[in-house]
Each structure stands twice: as C-alpha cells, then as structure tokens.
Amino acid sequence: MGEEVPEFVFCNTENCPPVVHDSESQGYETLTIIGDKVYSVGGSESIPNMSINIKVLDKQTGKWLEPIVFGAKPVASKGHSSILLDNERVLILLRDSSTYNSIWFLEVDTPFVKQKRKQLGAEVVAWSKGLIGYGSKPIVISGPSGVGKGTLITKLMTEFPSTFGFSVSHTTRAPRDKEMNGVHYHFTERNKMEKDIQDAKFLEYALVHGNLYGTSIEAVEAVSDAGKRCILDIDVQGARSVRVSPLEAIFIFVCPPSFEELELRLRARGTETEEQIQKRLGNARAELEQAKTPGLFDHMLVNDELESCYQNLKKILVLDENDKAPSQPSMKSFIVPFSHSISKVDQKVIIHCGTNELSASPSTKFILDLSSLEGGAPGRTRGLTLSTINS
Ligand SMILES: Nc1ncnc2c1ncn2[C@@H]1O[C@H](COP(=O)(O)OP(=O)(O)OP(=O)(O)O)[C@@H](O)[C@H]1O
Ligand SMILES: Nc1nc2c(ncn2[C@@H]2O[C@H](COP(=O)(O)O)[C@@H](O)[C@H]2O)c(=O)[nH]1
C-alpha cells in the first residue's frame, strides 16, 4: 500500500532539532528518521478520542506502510513534540496534557519490537507510557485452589481500599453465582483470549484446571494508573511467568495447614462439581511441590487460622494505620505547555517552555532524566525523574 508523503511535515532528525508544530491546523505530524526508515507520528484534535497514528516510510522503496502497533495508544491531544532517544525509541510529549498522560515512548527497535517483527514478519512498533518514579511493587499471591487467597485479598482490600487494587484477570471458565464480569474476572471466549495472547496483551497466562486464565497488561496498569498497589491472584505457572517478566513484584505463596483441610474448604465453598474438585486437588499437590522451587516465592504463608494468617500477611506488606488514609498522588503535576521545544543532552531531555504559558515562567526548563528507565512495551516505562530549572 503506497501513499503520498503527508502534507504537514515537521522534521525531527538527528541533524535537525525538533520543531513544535504551531499551525492553526487541527492535524499535526512529526517525522523521525532512523536508518532507512522515517516514522511519522500524527494526530488530529478534531476527531475526539482518536489515537495517534503511525506510518513508516521505507526510504528504499519510497512507500508508506502502516505498522502493526502494540501497546495502549495515546489519544491525540493538542499536538506533540518528539525527539529521537536512541535507535530503539522516540520520546513523544503530548502538549497540554498532565504529566501522567504526556510522556510516551514509541518503540521502534527494542527487543520486544524485534521479537514481534520476527514473529509476525511485518513492520511493528509499540507504545509505552512513561511514568515518573517506580510506584510500589505489585503483590503476586499464589496457592492451591481453596486455600483462602481470595478471602485474604478481600480482607486486605476492605481494610485498605485506597492502598490496594485488584488485577482483574481474564478467564474462559464460566462465571459462578454472584461473580460479576469486570469485577471478579473478565469472562471471555477462548478464541478471543487466544487472539489477545497473540497480540501480546497479556503479561502472563496459563491453562489452569482446564481453562485459560491470564493477567492482561491493561489489568495491572489500570491499578497503578489509579495510584494503587496491584494484587495479582494467579496460579504457580503464572507466578513463574511474572517472575521472569519486567514486572518487579513480591511473591507470596499461601499453603493450607493440611491437605485434608484444603479439601474440606474446597468442598465447603460449594462452587465446584465433584469432578472439578478432584481435578483441583490433584493440581494442588503439584502446586505445593512447585512452590518449593528456590527463588520463586519470597514468602510462604500458612493459612490455618484466618485472622492470624491475615496479620502475618500485613506484616509481610509492612502495613500500618497510615496506609488506611487515601494515598497522595506521587506524580509531580506538570502540564507540557502548548508552546515548547525539546532538546537532549546524554540521557536528559530538556523541555524549554514558551513565553505565553501560565503554567511556567518564561525561563523555565524542565529536565526529564531517562537514565534509570525500567520496563517498556508491552507495559509502562518507569523510573523517569522530572526536575525544574528556573533561570
Ligand atoms: N483460614 C481459613 N479457615 C477456614 N476457612 C477458610 C479460611 N480461609 C478461607 N476459608 C474458606 O475456604 C474457602 C476457599 O477460600 P477462597 O475462595 O478464598 O480460596 P481461594 O484460594 O481463593 O480459591 P481459588 O483459587 O479456587 O479461587 C472459602 O469458603 C473461605 O471462606
Ligand atoms: N495464571 C493465572 N492464574 C490465575 C489467574 N486468575 C486466577 N488464576 C488462578 O486460577 C485458579 C482458579 O481460580 P478460580 O477463580 O477458578 O477458582 C486460582 O489458583 C487462581 O489463582 C490469572 O490471571 N493467571
């Protein structure tokens, strides 16, 4: 599919400093040249909630291609500026957006993009939202079916509603009575879930007791976006996958006081057929063995008497009365001004603010330090720091 070169072009190449598009037009676009390719990042304010659009020009063939785009996409705002960081990614700053929504990385040749390009044999790019700081580590809770993971998590979230948020998994199993779609699980069809797995939407997934279960990247990010600490209730296979993923978490395994007690709890819950109970008990034996794998779990918690187990869980998570108060937003509030330009020195991006903005004095510069980045597509890019220079 070939196309004409877009009309509104503002170059941003290695030799040409980035230029913020100040036209009255509602369409805007930046171009970034990396090797044999030109990446066009464009958007329009006039179409509400439209994602920013990416096209790639292959300089050798002279054709524009539409790449396969991974990751949650930024919604087009009042324009953006962009700067090439290295040969792997481009920083995109959305104008007039709060810090939380303004910093994005367009990954064009990171290991994740390379892997997807090879797998799909197509042009691939990926979006990753940039976050100031690291946030608190998510908590992975595993343990055999019926041991009481859900009960403990419910207690934690009831006592500390503003501290914790639950990662709502996807599953192909049928909902139980009183289970609500989007609250307990995202109940989904197998075909749809397999397609989403192919599209790299899942941080981890596993076949558990005959059904597919998985944690979408979006489920985890929705919790951290709400400023809360994420809790994942997943099986041991899932815990293994998360362990080797970029998500740095605390891993807790919940054990029953005895196998007999586990069976009693599972039966007393009354949610499974006899056949399903047998399957879950069989898998429980395997999970209790696998949980002993060195380095997999950070903490083992025996759920004998519920209240004392809960107190032990809180000790692991170092919770006190202060955690009951609503958490303060950790992000510095910073609006990327409408009129600005950006430049880069080593791992620091300098945002030079314009003179007609209320949010910053004429000589204000913001420094975005990218030297300690972590993560990246298919999740968020963390570890940015933002500081101000008033001269
Ligand atoms: N310490 C405990 N003592 C007695 N019963 C308990 C205890 N903890 C939980 N239970 C009960 O055991 C049953 C199973 O608990 P729960 O549903 O929380 O398990 P789970 O680990 O989340 O299971 P699944 O993995 O299948 O979702 C529930 O009926 C719950 O009320
Ligand atoms: N690997 C994953 N395991 C998950 C996920 N969500 C839940 N689970 C585990 O499945 C079993 C059964 O749950 P149930 O609700 O059917 O009783 C349990 O061990 C959960 O921890 C997931 O996203 N990934």
Side-chain angles (χ1 to χ4, degrees), residues 135-171 173 175-187 203-206 208-209 211 213-216 218-239 241-243 247-257 261-262 265-266 268-269 271-272 280 284 287-288 291 296-320 323-324 326-327:
S136 47
K137 281 187 183 174
I139 303 151
V140 170
I141 301 192
S142 280
S145 177
V147 75
K149 303 179 295 296
T151 308
L152 289 164
I153 292 169
T154 303
K155 278 176 82 64
L156 204 55
M157 293 189 40
T158 307
E159 191 178 0
F160 303 99
S162 51
T163 305
F164 297 103
F166 186 60
S167 154
V168 180
S169 293
H170 282 64
T171 182
R173 93 152 157 71
R176 295 175 184 141
D177 280 356
K178 297 193 185 147
E179 276 186 334
M180 285 187 289
N181 192 26
V183 176
H184 299 94
Y185 280 105
H186 297 289
F187 294 101
L203 176 70
E204 64 76 31
Y205 61 92
V208 189
H209 318 316
N211 282 296
Y213 291 75
T215 308
S216 71
E218 217 35 57
V220 175
E221 301 300 2
V223 176
S224 40
D225 287 2
K228 296 186 182 183
R229 192 169 181 189
C230 186
I231 305 181
L232 288 78
D233 173 348
I234 60 177
D235 85 322
V236 176
Q237 305 170 77
S241 304
V242 177
R243 223 353 150 191
L247 194 80
E248 259 197 78
I250 293 175
F251 294 76
I252 302 172
F253 187 82
V254 186
C255 315
E261 173 65 15
L262 180 70
R265 286 183 196 171
L266 204 47
R269 191 170 70 182
T271 47
E272 270 73 36
R280 285 176 181 242
E287 289 201 275
L288 289 166
L296 180 53
F297 288 98
D298 302 308
H299 304 275
M300 302 300 254
L301 202 56
V302 179
N303 183 15
D304 189 350
E305 200 277 310
L306 181 61
E307 200 45 46
S308 65
C309 179
Y310 179 57
Q311 294 307 324
N312 288 336
L313 175 61
K314 288 201 290 183
K315 274 185 208 150
I316 291 173
L317 301 175
V318 203
L319 291 164
D320 60 26
D323 293 294
K324 291 183 184 173
S327 57

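Here the structure is a predicted model, which is why all the values come from computation and not from measurement.
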Could you check V140, I231, I316 and say which one makes a side-chain contact (heavy atoms from CB on, under 4.5 Å) with I252? I316
Mind listing the closest non-hydrogen atom pair of P144 and F253 along with its distance? CD-CZ, 3.7 Å
Least distance between heavy atoms, L266 atom then G146 atom: CD1-CA, 3.8 Å
Could you report the tightest heavy-atom contact between A284 and L262, atom names first, then the distance? CB-CD2, 3.6 Å
Nearest heavy-atom pair of D233 and F166: which atoms, and what distance? CB-CE1, 3.8 Å
To the nearest 0.5 Å, what is the distance between OG1 (T163) and CG (L317)? 10.5 Å
Side chains of Y213 and R173: closer than 4.5 Å at any heavy-atom pair? yes
Heavy-atom closest contact (L232 atom, V220 atom, distance): CD2-CG2, 4.4 Å
How many angstroms lie between atom SG of C255 and atom CG of L301, to the nearest 0.5 angstrom? 8.0 Å
Passing candidate, side-chain hydrogen bond (donor to acceptor under 3.5 Å, both in side chains) with S145, options R280, E272, R265: R280
L156/K314 under side-chain contact (heavy atoms from CB on, under 4.5 Å): CA gap, chis, key distance, verdict: CA-CA 8 Å; L156 204 55; K314 288 201 290 183; 4.2 Å; yes
Output yes when a side-chain donor or acceptor of N303 lies under 3.5 Å from a complementary backbone atom of V147, and no otherwise. yes
If we only count heavy atoms from C-beta on, is the T215 to V242 side-chain gap below 4.5 Å? no
Approximate separation, where rounding is to 0.5 Å, of L313 CG and L152 CG: 6.0 Å
Atom pair CG (N312) and CD (E305), whose distance is rounded to the nearest 0.5 Å: 10.0 Å
What one should report as the nearest heavy-atom pair of K149 and S142 is CD-C, 3.4 Å
Could you tell me if the side chain of R229 sits less than 4.5 Å from the side chain of F164, heavy atoms only? yes
Between atom NZ of K155 and atom CD of Q311, what is the distance when rounded to the nearest 0.5 Å? 8.0 Å
Relative to each other, are the rings of H170 and H186 parallel, tilted or perpendicular (30° and 60° limits)? tilted
Return the NZ to OG distance between K228 and S167, rounded to the nearest 0.5 Å. 13.5 Å
Validation row: T151, Y310 side chains within 4.5 angstrom (heavy atoms): no
When you measure from the side chain of E287 to the backbone of V236, do you find a donor-acceptor pair of N or O atoms at a distance under 3.5 Å? yes
Under 6.0 Å from the OH atom of Y205, do we count more than 12 heavy atoms belonging to anything else shown? no
